[in-house]
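Working notes, structure below.
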Amino acid sequence: MSSKVRTRFAPSPTGFMHVGNLRTALYEYLIAKSLGGDFVLRIEDTDQERKVEGAVDIIYNTMKLAGLKHDEGPDVGGEYGPYVQSERKNMYLPYAEQLIENGKAYRCFCTKERLDGLRANADDPGAGYDRHCRNLSQEEIEQKLADNVPFVIRQKMPLEGSTTFEDAVYGTITVENSELQDQILIKADGFPTYNFANVIDDHTMNITHVVRGSEYLSSTPKYNLLYESFGWKIPTYVHLPLIMGKNDDGSISKLSKRHGATSFEDLVNAGFLPEAIINYIALLGWAPKDNREMFTLSELVENFSIDGISKSPAVFDYDKLEWFNGEYIKAMTVEQFAQAADPYFSKALGDKNLDRVKLASILQQRTTKLTDIPEKIAFFAQQPDYDKELFVNKKSKTNLENAPSLLKAGTEALEALTEWNHDSIHDCLIELAVKLGVKNGTAMWPVRIAASGMTVTPGGAVEILDILGREESLARLHKGLEKLG
RNA sequence: GGCCCGGUGGUCAAGCGGCUAAGACACCGCCCUUUCACGGCGGUAACACGGGUUCGAUUCCCGUCCGGGUCACCA
């Protein structure tokens, strides 16, 4: 019972879900599930000044869309609740006070101004708090308390020695204790800092694997000192390499807004499918034993293992994400694709009534992002004004001399059709090519150009004519004839 | 700046003392083809550098360089 693996995703409600966070959540989920454990969602809202309205809903929504179902959390409950830190507020102070009694922490009455001044006057950019209140006499402390001087509670770091810990991906890491700041545990407003709340919550929620970004690597000793002060078992640490973005000048830095869409929502709005996003980010920093790349979430659970996690930072590659997206789109049934694409069809077509399943069938194989759809099919709704030079195509052996007669023959043949469907149109144009003694492409090119007004179209002449319908098609062909004189 | 971590093609990434150093994306070429795509085939391209250790280093150790992270009453 007590050996059951438990991981937790502990986001702050900031209003959006950065892909780095999402990947952390994914790995936490995968570690828990691949080991038969539980995945917990905890909301870290200890910063009262940064609260964002509706931010928690975005978290729920993202997790749901991504398929990361948590076993415990604010919305589903669980035996370790509450799962929102602000609701746990009064749990933390007693622990901090216990630390004070044990000489592992102390009250600090320094003002924000004094601290700022300290930083401003130091020539060492890494200079921290000067531990001014660390050795206050009992009288001084009581006097200030009596005077109601606001205070924070700081952790009393050892001045000598070093702290070593084991990370499941980075191995053994040692940090000199002298590098450690007397970090704040409880803020003046009574709320715990992230670092303190984390330790208390992870322990009281029985979290066995602490999974987080590698930016926490160097502060982990502080956490461990806290665990040791309480006599608690230190969890297994799994630090993840950061996700980077490529800057315009070629340099890289932590993935952020300027690199493009970086939140899950942005990505979805940019036309990426949740499954593709998950699949891609799973592989950003982790590799399976074999060469496999396509994984559903449950397949990831089956194949995931911590030793496949890499140590070096990975650059987020939109091209590769797009490739994954295209693969997922191609793997859909036409009906599924038609449904996913429907909003984009509407955007391009308005109230123009065309067979959307047929549209979907010509689009599916050539779509990598749903958002690319509208511009590809806009010509169905309204034919663009095109130049007659489009009728010239070397490969199809068409030019301004033969195009008029070719198009005329095609138009007449199509007009004679009694049935208007894919097969009849197809047979009609193929027969025409045979009759004229030209390549299929030569007969088709002028027809497709006249029907679409574009050199590049999804689908060929036959599909376009079929979808456009007899009346509209013939009208467009005649217009093409006029254009050619 | 101190400390921590990292360094295999443009990107992701196998490799864990002996290999012609995988694979994928991107890129280029060819084929297929009624355009574009899809698909198929092929190609260009990498162990940051310098010392060790070893019969032998991409792999182990040290240094250099480069990159990233971290030093908040933010998480």
Side-chain angles (χ1 to χ4, degrees), chain A residues 10-12 14 44-47 49-50 108 110 112 115-116 119 123-129 150-154 167 170-171 173-176 178-181 183-189 191 193-195 197-198 213-221 239 241-242 244 246 250-254 280 283-293 308 310-324 326 330 362-368 376 390 393 395-396 426 429-430 433 439-449 452 454-464:
Chain A
S12 294
T14 57
E44 309 238 336
D45 59 347
T46 56
D47 188 349
E49 289 176 20
R50 279 221 218 166
C108 170
C110 292
K112 190 106 167 61
L115 263 22
D116 289 342
R119 251 189 302 273
D123 7 286
D124 174 9
Y129 177 57
F151 64 90
V152 300
I153 297 177
R154 288 183 184 271
D167 182 81
Y170 287 92
I173 291 171
T174 300
V175 174
E176 295 298 319
S178 57
E179 294 294 325
L180 275 20
Q181 300 277 321
Q183 66 172 343
I184 292 174
L185 268 19
I186 300 288
K187 298 184 268 191
D189 65 3
F191 274 86
T193 55
Y194 168 84
N195 291 312
N198 234 268
S214 65
E215 66 265 33
Y216 292 101
L217 218 39
S218 46
S219 58
T220 300
H239 284 93
L242 262 17
M244 316 297 286
K246 191 170 224 138
S251 62
I252 62 167
S253 54
K254 209 168 159 180
Y280 174 63
L283 262 24
L284 253 194
W286 172 80
K289 299 268 188 284
D290 53 22
N291 280 336
R292 182 139 69 125
E293 292 205 290
S310 107
K311 295 197 224 313
S312 41
V315 175
F316 193 89
D317 183 2
Y318 291 91
D319 283 335
K320 184 90 185 218
L321 207 211
E322 241 183 89
W323 175 77
F324 271 107
K330 274 174 265 179
I362 64 169
L363 237 24
Q364 187 171 9
Q365 296 305 108
R366 55 199 97 209
T367 300
T368 54
K376 283 186 176 156
L390 296 196
N393 182 265
K395 199 175 152 206
S396 298
H426 175 266
L429 291 175
I430 295 295
K439 285 173 52 176
N440 290 344
T442 309
M444 302 276 192
W445 184 273
V447 175
R448 191 175 60 83
I449 295 299
S452 67
M454 317 247 299
T455 52
V456 175
T457 55
V462 177
E463 289 77 17
I464 294 171

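In what follows, every heavy atom counts, from backbone to side chain, and hydrogens, waters and symmetry copies are set aside. Here is the naming used below: chain letters follow the sequence lines, and residue numbers restart at 1 for every chain.
Arg292(A) places its CZ atom 18 Å from the C1' atom of C25(B), with the value rounded to the nearest Å. Spacing between atom CD of Glu215(A) and atom P of G67(B) amounts to 20 Å, rounded to whole angstrom units. Separating the CD1 atom of Ile252(A) from the P atom of G67(B) is a distance of 10 Å, rounded to the nearest angstrom. Separating the CG atom of Asn195(A) from the P atom of C74(B) is a distance of 11 Å, rounded to the nearest angstrom. A straight line from CD1 of Ile362(A) to P of C36(B) spans 15 Å, rounded to a whole angstrom. Atom P of nucleotide C73(B) and atom CD1 of Ile184(A) are separated by 4 Å, given to the nearest angstrom. C36(B) atom P lies 14 Å from atom CD of Glu463(A), rounded to whole Å. Here the P atom of nucleotide A37(B) and the CD atom of Gln364(A) are 18 Å apart, to the nearest Å.
Separating the P atom of U20(B) from that of C36(B) is a span of 42 Å, rounded to the nearest Å. Rounded to the nearest Å, the gap between the P atom of G29(B) and that of C38(B) is 14 Å. Rounded to whole Å, the P atom of U59(B) lies 15 Å from the corresponding atom of A21(B). Spacing of C1' atoms, A13(B) relative to A45(B), comes out at 15 Å, to the nearest Å. Taking atom C1' on both A14(B) and A22(B), the two are 6 Å apart, rounded to the nearest angstrom. Comparing the C1' positions of C30(B) and C66(B) gives a spacing of 40 Å, expressed to the nearest Å. For the C1' atom pair drawn from C47(B) and G42(B), the interatomic distance equals 25 Å after rounding to whole Å. Rounded to a whole angstrom, the distance from the P atom of C25(B) to that of G43(B) is 15 Å.
Counting any heavy atom pair closer than 4.0 Å across all strands shown, Met454(A) reaches no nucleic acid atom. Counting any heavy atom pair closer than 4.0 Å across all strands shown, Gly441(A) reaches sugar-phosphate atoms only and no base atom. Contact annotation for Ala287(A): backbone-only contact, meaning every heavy-atom pair under 4.0 Å involves sugar-phosphate atoms and none involves a base. Using a 4.0 Å heavy-atom cutoff across all strands shown, Phe191(A) reaches no nucleic acid atom at all. Note on Lys254(A): only backbone sugar-phosphate atoms sit closer than 4.0 angstrom, heavy atoms only; bases stay farther off.
Contact of the Leu217(A) side chain with the Asp167(A) side chain is registered, since non-hydrogen atoms from C-beta on lie closer than 4.5 Å. At a threshold of 4.5 Å between non-hydrogen side-chain atoms, the residues Thr46(A) and Lys187(A) count as touching. A heavy-atom distance below 4.5 Å is found between the side chains of His239(A) and Thr220(A). At least one side-chain heavy atom of Met444(A) sits less than 4.5 Å from a side-chain heavy atom of Val462(A). Counting heavy atoms from C-beta outward, Glu293(A) and Phe324(A) have side chains that approach closer than 4.5 Å. Within the 4.5 Å cutoff, the side chain of Asn198(A) has heavy atoms near those of the Glu44(A) side chain.
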I'd like to compare against my own output: the B/S/- annotation of nucleotides 2-12 of chain B with a strict under-4.0 Å heavy-atom distance to protein. SSSSSS--SSS
Taking protein heavy atoms under 4.0 Å as touching, what does nucleotides 41-49 of chain B look like 5' to 3' if B marks base contact, S marks sugar-phosphate-only contact and - marks none? ---------
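Pairing each heavy atom of Glu215(A) with each of Lys254(A), the nearest pair is OE2-NZ, 4.0 Å. The nearest pair of heavy atoms linking Pro241(A) to Ser312(A) is CB-O, 3.4 Å. In terms of heavy atoms, Ile252(A) sits closest to Lys246(A) at CG2-CA, 4.2 Å.
Taking only distance into account, the side chain of Arg366(A) meets the base of C36(B) through a donor-acceptor pair shorter than 3.5 Å. Between the base of U35(B) and the side chain of Arg448(A) there is a donor-acceptor pair shorter than 3.5 Å. Put simply, the side chain of Tyr318(A) and the base of A26(B) share no donor and acceptor less than 3.5 Å apart.
Base pairing of A75(B) is not made with any nucleotide, judged by Watson-Crick or G-U wobble geometry with both donor-acceptor distances under 3.5 Å. Across all strands shown, G39(B) pairs with C31(B); the Watson-Crick or G-U wobble distances both stay below 3.5 Å. For U11(B), the paired base is A24(B) (Watson-Crick or G-U wobble, both distances below 3.5 Å).
Separation of atoms CZ (Arg448(A)) and OG1 (Thr457(A)) is listed at 4.0 Å; rounding is to 0.5 Å. Residue Ser310(A) holds its OG atom at 9.5 Å from CG of Leu284(A), rounded to the nearest 0.5 Å.
The side chain of Ser12(A) sits closest to A75(B) out of C36(B), A75(B), C73(B).
In this model, the phosphate group of A72(B) is not approached by any side-chain N or O of Lys187(A) to a distance below 4.0 Å at OP1 or OP2. Between Lys395(A) and U35(B) there is a side-chain N or O to OP1 or OP2 distance below 4.0 Å. Taking 4.0 angstrom as the limit, Thr455(A) places none of its side-chain polar atoms (N or O) nearer than this to OP1 or OP2 of C36(B).
Residue order along RNA chain B, read from the 5' end via each residue's closest nucleotide, puts Pro241(A) first among Pro241(A) and Asn291(A). Residue Ser253(A) is the one, among Ser253(A) and Asp189(A), whose nearest nucleotide of RNA chain B lies closer to the 5' end (criterion: closest heavy atom).
Taking the six-membered ring where tryptophan is involved, the planes of Phe316(A) and Tyr280(A) are perpendicular, since the angle between them exceeds 60° and thus also 30°.
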